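Below is one structure; the comments refer to it alone.
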Amino acid sequence: MGKTTIIAIAGASASGKSLFASTVYQELVAELGGNGIAILAEDAYYRDQSHLTFEQRQLTNYDHPSAFEHELLVQHLEQLRDGQAVAMPQYSYKSHTRTTETIKVQPGRVIMVEGILLLHDPHLRKLFDISVFMDTPLDVCLLRRMTRDVEERGRTIQSVAEQYEETVRPAFFEFILPSKQFADLVVTRGGQNEIAIDLIKSKIRQLLAE
Ligand SMILES: Nc1ncnc2c1ncn2[C@@H]1O[C@H](COP(=O)(O)OP(=O)(O)O)[C@@H](O)[C@H]1O
Ligand SMILES: O=c1ccn([C@@H]2O[C@H](COP(=O)(O)O)[C@@H](O)[C@H]2O)c(=O)[nH]1
């Protein structure tokens, strides 16, 4: 296998990172088969909090870099780059901790990883060959997060609004927006920007053919 290329997709919460990454991944798997491409989520590397009560977990700031076990993500990306499979943790947004399951991720010629604080961390940045930033206006992100978190993550409208004011918005301006400078490609219109999806797909096709 040739050199592994690691593609990072960063941006605000609900900016469309996971839709973008999964669209690229699924369309290429349908076209070329699953061999050669792997996909990881930074959210899977939220710290395990099973030693805390649910009430204590609700007090964690999930938008601060300290909430993530980035050391493990770095280790897993290095292992994948070196041709070894990894056991990616699974995280539950409803219980705010890891589940007992893991998913085996096989190494591939191309590894995609998506998450809010990927480009903030210099240790992670060193591993990325291509960095994408989803540049979706924050009010659009909030509306999408409101719908998604109520429908899929067990939240109320009030809890989404409170968390947004307390941690999500401040962390966007302190950590996420300043990390945009490290992106190679800045994508508007979220996870449905077909031109950007096609550009990344073409790049991956080219890498897989080398
Ligand atoms: N361009 C878009 N138009 C409409 N809805 C979108 C668009 N991009 C993302 N969404 C929706 O917004 C929500 C958040 O997107 P998601 O990909 O989960 O964001 P992120 O991974 O950045 O948190 C999801 O319900 C997704 O389907
Ligand atoms: O237990 C948790 C863990 C995370 N969050 C929120 O999730 C987003 C990051 O995920 P996206 O898929 O990029 O939206 C982050 O803003 C955290 O606030 C949570 O609420 N609870």
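Because the structure is predicted, anything quoted here is derived from the model rather than measured. Atoms within each ligand, like the ligands themselves, are counted from 1 in listed order.
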Tabulated below should be the N or O atoms of ligand 1 paired with protein N or O atoms at under 3.5 Å; can you produce that?
unit_1   : atom_1 : unit_2 : atom_2 : d
ligand 1 : 1 (N)  : R189   : O      : 3.0
ligand 1 : 3 (N)  : R144   : NH2    : 3.3
ligand 1 : 3 (N)  : Q192   : OE1    : 3.0
ligand 1 : 8 (N)  : G191   : N      : 3.1
ligand 1 : 17 (O) : S18    : N      : 3.4
ligand 1 : 17 (O) : S18    : OG     : 3.3
ligand 1 : 17 (O) : L19    : N      : 2.9
ligand 1 : 18 (O) : S18    : OG     : 3.4
ligand 1 : 18 (O) : R148   : NH1    : 3.3
ligand 1 : 19 (O) : G16    : N      : 3.2
ligand 1 : 21 (O) : S18    : N      : 2.8
ligand 1 : 21 (O) : S18    : OG     : 3.4
ligand 1 : 22 (O) : A14    : N      : 3.4
ligand 1 : 22 (O) : S15    : N      : 3.1
ligand 1 : 22 (O) : G16    : N      : 3.0
ligand 1 : 22 (O) : K17    : N      : 2.9
ligand 1 : 22 (O) : K17    : NZ     : 2.7
ligand 1 : 23 (O) : A14    : N      : 2.7
ligand 1 : 23 (O) : R148   : NH1    : 2.8

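Atom 14 (O) of ligand 2 has its nearest heavy-atom neighbour, among G11, S92, S13, in S13. Comparing heavy-atom distances from atom 2 (C) of ligand 2 across Y46, Y91, F68, F172 singles out Y91 as nearest.
Residue contacts with ligand 2: R148 is included, with a non-hydrogen atom under 4.0 Å away.
With sequence neighbours excluded, no residue forms a ring-ring contact (aromatic ring centres under 6.0 Å, His included) with Y164. Legend: residues meeting salt bridge (Lys or Arg N to Asp or Glu O under 4.0 Å) with E174, ordered by chain and number and at least two apart, are absent.
Here the protein heavy atom with the shortest distance to atom 13 (O) of ligand 2 is K17 NZ, 2.9 Å. Atom 10 (O) of ligand 2 has D43 OD2, 2.9 Å as its closest protein atom, hydrogens excluded (heavy atom only). Regarding atom 15 (C) of ligand 2, its nearest protein heavy-atom neighbour is D63 OD1, 3.2 Å. From the protein, the heavy atom lying nearest to atom 8 (C) of ligand 2 is R145 NH1, 3.5 Å. Counting protein heavy atoms only, atom 7 (O) of ligand 2 is closest to R153 NH1, 3.4 Å. Nearest protein heavy-atom neighbour of atom 20 (O) of ligand 2: Q163 NE2, 2.9 Å. In terms of protein heavy atoms, atom 5 (N) of ligand 2 is closest to Y62 CB, 3.7 Å. Remark: minimum distance from atom 19 (C) of ligand 2 to any protein heavy atom is reached at R155 NH2, 3.4 Å.
For residues 176-200, the pairs satisfying side-chain hydrogen bond (donor to acceptor under 3.5 Å, both in side chains) are D135-K180, with sequence neighbours left out.
Between E42 and K17, none of the side-chain N atoms (NZ, or NE/NH1/NH2) sits under 4.0 Å from a carboxylate O, so this pair counts as no salt bridge. Using a 4.0 Å cut-off between a side-chain N of Lys or Arg and a carboxylate O of Asp or Glu, K126 and E78 do not qualify as a salt bridge. We find that E210 and K3 are not joined by a salt bridge, their nearest charged nitrogen and carboxylate oxygen being 4.0 Å or further apart.
With contacts defined as side-chain heavy-atom distances shorter than 4.5 Å, the pair Y93/D43 qualifies. At least one side-chain heavy atom of R205 sits under 4.5 Å from a side-chain heavy atom of L32.
Under a 4.0 Å criterion applied to the non-hydrogen atoms of H96, ligand 2 contributes the atoms 1 (O), 2 (C), 21 (N). Atoms of ligand 2 lying under 4.0 Å from any heavy atom of A14, numbered from 1 in the order shown and given with element: 14 (O).
The residue S18 has no part lying near ligand 2, judged by heavy-atom distances below 4.0 Å. With a heavy-atom cut-off of 4.0 Å, K94 does not touch ligand 2 at all.
A ring-centre distance under 6.0 Å is not found for Y45 and H70. Aromatic ring centres of H96 and Y62: separated by under 6.0 Å.
A cation-pi arrangement is absent between R98 and Y91, since the terminal nitrogen or guanidinium carbon is not both under 6.0 Å from the aromatic centre and inside a 45° cone about the axis.
By the 30° and 60° cut-offs, the orientation of the rings of Y46 relative to F68 is parallel.
One hydrophobic cluster, built from ILVMFWY side chains closer than 4.5 Å, cannot hold both F20 and V140; they sit in different ones.
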